[in-house]
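Just so we're on the same page: letters track the sequence lines, and every chain starts at 1.
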Amino acid sequence: MTLDLVIQQLVNGLIVGSFYALIALGYSMVFGVIKLLNFAHGDIYMNGAFVGLVVFSFVGIWVGNGWLGVVCALLVSMLAVGLLGVVIERFAYRPMRNAPRLSILITALGASMVLNGTALALTGGKHYAFNTDLGFAGVDISTVHITYTQMVLVAASISLMAGMQAFVSRTMYGKAMRAVSIDMGASRLMGIDVDRVIALTFFMGSALAAGGGVMAGAYYGSVHFFMGFIMGLKAFTAAVIGGIGSVPGAMLGGLLLGLLEAFGSSLPFVGSEWRDVFVFGTLILFLVFKPTGILGRSVVERV
Amino acid sequence: ADIKIGIVAPMTGQLASEGQDMENAVKMAIEAANAKGGANGDKVITITADDACDPQQAVTAGSKLVSEGVTAIVGGYCSGAVLPTLKIYGDAGIPFVIIGANSTKLVAANQGNAFLANSTGDMQATTAVELFKKNGFKKIAVIDEGDAYSSDLAKLTAEAFMGAGGEIATKETTNAGEQDYSAVVTKIKSSGADAVFWTAYHAGGALLTKQLRQAGFQGGIVLGDGNNSPEYLEIAGSAGEGVYLLSPPTVDLLSGAGDFKGKYKETYGRDAGAYAALSYDVGDLIVDAIARAKSADQKAIIEALKASDFKGLAGEIKFTDKNTLQTSNFRPVIAKGGKWVAVE
Amino acid sequence: MALLEVRDLRLSFGGLKVLHDISFSVEKGAINSLIGPNGAGKTSLFNCLTGFYKPKGGSIRLGGRPITGLPPHRITALGLARTFQNIRLFKEMTVLENAMSGQHCRSRHGIVSAILHLPSQRREEENIRTTGMRWLDFVGIQQHAHRLAGGLSYGDQRRLELARALASTPELILLDEPAAGLNEREKLDLVHLIRRVRDETGVTVLLIEHDMGLVMQVSEKIVVFDYGQKIADGTPEAVRADPRVIEAYLGTED
Amino acid sequence: MTEARILPAAAQPRLMRWSVVLPALAAVACALVLPQFANAYVTEVATTALLYVVLCLGLNIVVGYAGLLDLGYAAFFAVGAYTSGILTAEFGLNFWLTIPVAMAAACVAGIIIGAPTLRLRSDYLAIVTLGFGEIVRIIARNLDITGGASGLIGIERPEIFGFKLMQVQHFYYAFLVLALLTAFVCLSVERSRMGRAWFYVRYDEDAAAGIGINRVSAKLQAYMMGAVIASVAGCLYAAKMTAISPESFTFNQSLLILLGVVLGGMGRIPGVVLGAILVALLPEVLRGAGTYRPLVTAVALLAIMLFRPNGLWPDKRV
Amino acid sequence: MEPDIVLSADRIVTRYGGIKALHGVSLSVKRGQIVALLGANGAGKSTTLRTLSGLIAASSGSVRFLGEDITKVPAHRLPHRGLVHVPEGRRIFGDMTIKENLDLGSFTLADDVERRRRLDHVFELFPILARRQNGDARNLSGGEQQMLAIGRALMAAPKVLLLDEPSMGLAPQLIKEVMNIVQRLNREGVTILLVEQNSKVALKFADYGYVLKAGRIVLEGLGSDLASNEAVISAYLGGVAA
Ligand SMILES: Nc1ncnc2c1ncn2[C@@H]1O[C@H](COP(=O)(O)OP(=O)(O)OP(=O)(O)O)[C@@H](O)[C@H]1O
Ligand SMILES: Nc1ncnc2c1ncn2[C@@H]1O[C@H](COP(=O)(O)OP(=O)(O)OP(=O)(O)O)[C@@H](O)[C@H]1O
Ligand SMILES: CC(C)C[C@H](N)C(=O)O
Ligand SMILES: [Mg+2]
Ligand SMILES: [Mg+2]
């Protein structure tokens, strides 16, 4: 690989990786608090993209297809889909809080299928265009062209994540989230409203996913009912690799996954059809040597 | 007695939209036939079975149709899902006209009862190579999605092109459902390809086109027959301008299909998709074959199908001794002003 | 030769030194105790002995054989059994099954012979059951054999843990605060039971306990830890009189 | 969160209870005569149900007994199907001889992936198994010997004592035999020393290690036994389908099998069998829903989980 | 009702699933007292505390706190009214630092200056916590964890403190130290309901005591009376557990 190629793949990896990171973050937060692998998270992302598209088309009548429209779509979608996350938690997960973990996992799978099935029924499986005119202007580093859109996108997801990290580590509510994840009963004795904290976690996680959905929809220009499936898988992978439950871990995991994929596509001797073997192979090897992910805590169980 | 025709198509899953088109159009043809007195005076009714483009579901869907005692079956969009059903229909001796699926593997596995109404992969490969040559493309990047259909087409085209003295710059595989193609785009660009041939479906095709153009790829882009969808043009937008497509016979390209197009939209409230016209023809063809067989006897229908000399919306249907189309119905088209127009 | 020989054992977590060059030994057939303030490193020592923690240095010998750094299941197989500070029973399984679990390392039939229902496998199963029952009987809870372990009273759960450990036919058994949460009468019963373990089965006992009454009553030798260091080692009388022990642990009587 | 409580049968005072044996016998009897009354479609669906019974019983050993979350179980199903398919189609080996080879292949695959990773915590193990599932599928998709993306076609149908298994009914009986065999095997192991060891490890790994159980080896044995069962199912599946392709061994397939295990009531054989049958039947029963089928299926599923959080047929003594 | 009763239970019945753990327990705690709740294993002491603090709902009966009926008030509303529960087994947040644990104790407090003031008070009571404030709580030894649990409760500025077996698992010297702190808190005006199995320790400090057996109060009286009545108590406490 030439240097230009390496730089280009680095840029590619970072961009996809920042999407993965954003979605993984919500995955990881929800997991952190209620130890649930939320299979519906990818579908939340898909819903976010659809809501964003609807808002975008609507406000586009007044503000056009530029940044303003995208920002409106982003905000409205994050709010609406954040609330959707809260509703899902309330009706699908809360009744299961004392059920066996695998049953909750299956419930999450069910919730995912419901969201997906609804989207299929409503859209008939059609792929919708999300046409923006954000332009291709940007800067050139040697032969590598980076658009302003790409920069804004990476900056936006990094600042969302940084904000989240600050929230979790600095604020009282963030501490409450961590407390709830460690011991719900003891948290209640601190005066923490556990239901509220869990709802808030779902709100934030879902809003992040929706934000990712709108950004991805606008950036790639298409939205469809199945787009969440793969993204959910990637987010799950990234979250676990990062050390599940860890906010900065999710971020690193997402970026790492993006980079692995980018470079996995340009492996020497073999074609891109082997990319995922490379990606998963690396991840498995990685876990063998670092069994708790990048930033997961290595807990020596005290006996 | 009523004559039952089975329709197998993906009604759910990623290709549900295409399946919907197929079902709608076949039903339209059958209703039209019924309005004219049915087949041999019998009313024709349809039964739809969803295969979700999944091999296992396809087998259950297929055996459901067999158990319902259908006289003939039409449909099949995904080669991967059609393949394991060939044995079932073959063993049951049921005439099966395949509308979309066109991998050459289907030809090999056919037990004599199945007919491919769409042109096969090698025909498409030939058309593709012709198109490359005509446009002076010498180094092609071939990209598929790793499913039965697109990898078959990619392989056939690569072989055909190299056979014709062309060079394959790179061969890549992407994953269905992913949105980011940048890594592959980078590879294509650095491979020095002067054109890209995308053999999979329109969802990925539109994204790939967009991302190729955004990355400044100036060469030609050619798409396989799975890309003919209005959605492609909508999503690719301006990046789609000048892209070639090996199109199946769609309503927009067919002079005689204007009525059908309007009626379809009126009945189903949506535009007729890429395979609507061909599906309509196949619906027509099967009724025609039953009429020519003068009975609902399946052997006779198979014979009648073999002897087809049918002219429909999408063109003529005549089968070779392998039950594939005698003449390719692929037409190269080019995107101009947000529309597919024929390449002269 | 002593049954258990610990020499210069060191353990640390990150920067935190938990055990500093600990050496002591336990004679075969003895009942010894390990005492010390909270956080002195008593449980950590047990965890090193049984392979749950990997020591940073030093050696452990059981009956002359080195067991340092072996995985827990190997150590159990070599004859060292333990109970846990916070009861770790298989609460969702029956009392009998808990007792049977101890014999896993003393039996050998695997999946294939179970599928084939070999006669030798049937016999072994039968044997595991009866042995399990025998140990339940020994600790006095065989009437609860078919109840769930989690439903036993606290004191009976402690007994069951003991039965489970005994079922692995150990030479040395380590008890981590066996009297915690027991009332006076139950503590008396426990002292009696520990003596029977040694007298009737010949198993050597090393226990951690904060209840000085019990410790003084039952042990022949006491090892005292403070901040990861051994500060005393001797008979109950000697230890009780040791000013360092009084300062660090016992406190002045009032 | 508490795990569903599962009692291994050895705990039960009496091993054979008529209240269990009689209904089971009745169910087997019904299963035996079913093809006599049902049409090809119903038999086909029933065959699929039996396939899932086998797969779910196999996965239940891994998930239900040993408590390992496996999201890539379809990989072993694929290993079986491809081994048998390649050996019969490409090398002309007798179908029955391919079964032991497939079992061995599954064992090897199980050790390769399991030995270094089974000590991982459940969520990390989940991603490893998921990754493994994808790796196996992609390898099958990219190699020539596996027929690439289109898969293998024209796999020979097996013969037994000169009788060729051809029709759905034949395969129905073949799968029925396999399902009964698997149930018998599971029952035998569940009540044995190794079966108990899995439960011990599942409830408390440290306590299990403390009483002399080799955790990794116990988990590995469960994992391999699950792998072997899936691979045998795969052999028969390949023979029945005559065409197999990577599309049959996706992540979704793994999820579906897991769904069957949990839906019915993890850990106990009757529950798992019920769950497996449900997973196969539910989408068929709901065929009428058309485009709404996935939605209706999902709602039904959610409802089951919400109303019966421990599965439809959990252990009575929970 | 007597005005100086701050916390009272009236015939509370509590169940776990179908099984009754409390069969109508009544008790009352007066302002400024240390009240001991004694009983054998499984007698229902912890269950009583959990019911009082709202962690489990009573299936009948009522709980009053500072003159209000709090039977239906959810657990998380009580700490900032002044009723704080230090649960059995300490339940500290092991993955968080000691300082974070203490901060959480004052979760409902918005005023950072006041939080700082309380923190200083806790650090003064337990200097070891101040020294290790940025270390993870899990690494504290048993005794230190007990101090953290009490300190965390003090961050809520309790009017009434429910303490569940603070002496469990502690070395003899530490038991003394912890009990001294309990006494000091009481002198500072905190009313205390103390659950103990170790009746000797508890009755040394208690103004009043209740003895529970199998979910029922079987004996009550002034602390000094009960202490002199050791024989009676040990008849209940030593009796068959559960
Ligand atoms: N896994 C671990 N990680 C970090 N520190 C640990 C770990 N295990 C033990 N420690 C530390 O080692 C020291 C000794 O702990 P240990 O549990 O051995 O004490 P102990 O003597 O058994 O006390 P107690 O009587 O309270 O049970 C403590 O400071 C403890 O915090
Ligand atoms: N979470 C629970 N689920 C079911 N039963 C429980 C639960 N917690 C306690 N019990 C039962 O309720 C009864 C009272 O238990 P509780 O914990 O209140 O006793 P205690 O007096 O605090 O005993 P200890 O001294 O052991 O702490 C016991 O029979 C116990 O088995
Ligand atoms: C373009 C499509 C009609 C081809 C079809 N999907 C196949 O698998 O063959
Ligand atoms: Mg200890
Ligand atoms: Mg208690």
Side-chain angles (χ1 to χ4, degrees), chain A residues 1-2 4-9 11-13 15-17 19-20 49 116-117 120-121 123-133 136 143-145 147 149-150 216-217 219-231 233-234 258-259 261-266 271-276, chain B residues 10-21 142-146 151 154 170-191 201-204 206-207 209-211 213-216 229-239 268-271 273:
Chain A
M1 269 195 278
T2 66
D4 282 350
L5 203 60
V6 171
I7 296 175
Q8 181 68 62
Q9 292 295 33
V11 172
N12 295 340
I15 291 169
V16 216
F19 280 118
Y20 292 167
N116 200 262
L120 169 65
T123 66
K126 190 171 146 41
H127 294 246
Y128 292 85
F130 195 138
N131 282 325
T132 57
D133 34 51
F136 298 140
T143 63
V144 179
H145 181 73
T147 65
T149 313
Q150 289 172 332
Y219 177 64
Y220 296 115
S222 110
V223 172
H224 62 108
F225 84 105
F226 219 74
M227 67 190 274
F229 179 76
I230 296 248
M231 192 47 117
L233 265 184
K234 306 264 162 149
L259 288 174
E261 286 189 352
F263 286 98
S265 297
S266 341
S272 50
E273 69 269 27
W274 292 100
R275 183 194 80 179
D276 284 355
Chain B
M11 307 308 293
T12 59
Q14 288 207 62
L15 291 159
S17 186
E18 279 66 20
Q20 194 67 60
D21 263 339
V142 184
I143 322 293
D144 65 59
E145 224 168 45
S151 63
T170 180
K171 228 168 143 283
E172 302 292 334
T173 301
T174 64
N175 287 327
E178 275 180 15
Q179 291 167 297
D180 195 289
Y181 290 81
S182 58
V184 160
V185 164
T186 301
K187 244 186 130 179
I188 294 171
K189 275 182 66 186
S190 71
S191 74
Y201 300 99
H202 64 82
L207 290 172
T209 306
K210 243 185 141 158
Q211 291 174 36
R213 291 297 184 231
Q214 265 175 38
S229 160
E231 293 165 22
Y232 173 88
L233 293 172
E234 278 167 33
I235 294 167
S238 59
Y268 300 108
R270 51 187 268 163
D271 287 321

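- Here the straight-line distance linking atom OH of A/Tyr128 with atom CD of B/Glu231 works out to 8.0 Å at 0.5 Å rounding.
- One distance of note links OG1 of B/Thr186 with CD1 of A/Ile7; it measures 12.0 Å at 0.5 Å rounding.
- Using a 4.5 Å cut-off between heavy atoms, A/Asp276 touches chain B through its side chain atoms alone.
- Between B/Glu18 and A/Lys126, none of the side-chain N atoms (NZ, or NE/NH1/NH2) sits under 4.0 Å from a carboxylate O, so this pair counts as no salt bridge.
- Proximity to chain A is absent for every atom of B/Ala236, based on heavy atoms less than 4.5 angstrom apart.
- Within the 3.5 Å criterion, the main-chain N or O of A/Val16 finds no donor-acceptor partner in the side chain of B/Asp180.
- Considering CD of A/Glu261 and CD of B/Glu178, their distance stands at 5.5 Å, rounded to 0.5 Å.
- Between atom CG of residue B/Asn175 and atom CD1 of residue A/Ile230 there is a gap of 6.0 Å, rounded to the nearest 0.5 Å.
- Within the 4.5 Å cutoff, side-chain heavy atoms of A/Tyr220 are placed close to those of B/Gln211.
- In this structure, B/Ser229 OG and A/His127 NE2 are separated by 8.0 Å, a value rounded to the nearest 0.5 Å.
- Of the listed residues (B/Ser190, B/Ala183, B/Gly216), the greatest number of heavy-atom pairs within a distance under 4.5 Å of chain A belongs to B/Ala183.
- With chain A as the partner, the residue from B/Ile143, B/Thr173, B/Val184 showing the most heavy-atom pairs under 4.5 Å is B/Thr173.
- For chain A, the nearby parts of B/Glu172 are the backbone and the side chain; heavy atoms of each come within less than 4.5 Å.
- For B/Ser151, no part sits under 4.5 Å from any heavy atom of chain A, backbone or side chain.
- A distance of 5.5 Å separates OG in A/Ser266 from NZ in B/Lys187, rounded to the nearest 0.5 Å.
- Annotation: maximal heavy-atom pairing with chain A below 4.5 Å, among B/Ala16, B/Gly237, B/Ala203, occurs at B/Ala203.
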>> Set out, in order, the CA-CA distance, both residues' side-chain angles and the distance that settles side chain to side chain contact (heavy atoms under 4.5 Å, CB included) for A/Ser222 and B/Leu207, then state yes or no.
In response: CA-CA 8 Å; A/Ser222 110; B/Leu207 290 172; 4.1 Å; yes
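- Among A/His224, A/Arg275, A/Met227, A/Met231, the residue making the largest number of heavy-atom pairs under 4.5 Å with chain B is A/Arg275.
- At least one donor-acceptor pair under 3.5 Å links the side chain of A/Asn131 to the backbone N or O of B/Glu234.
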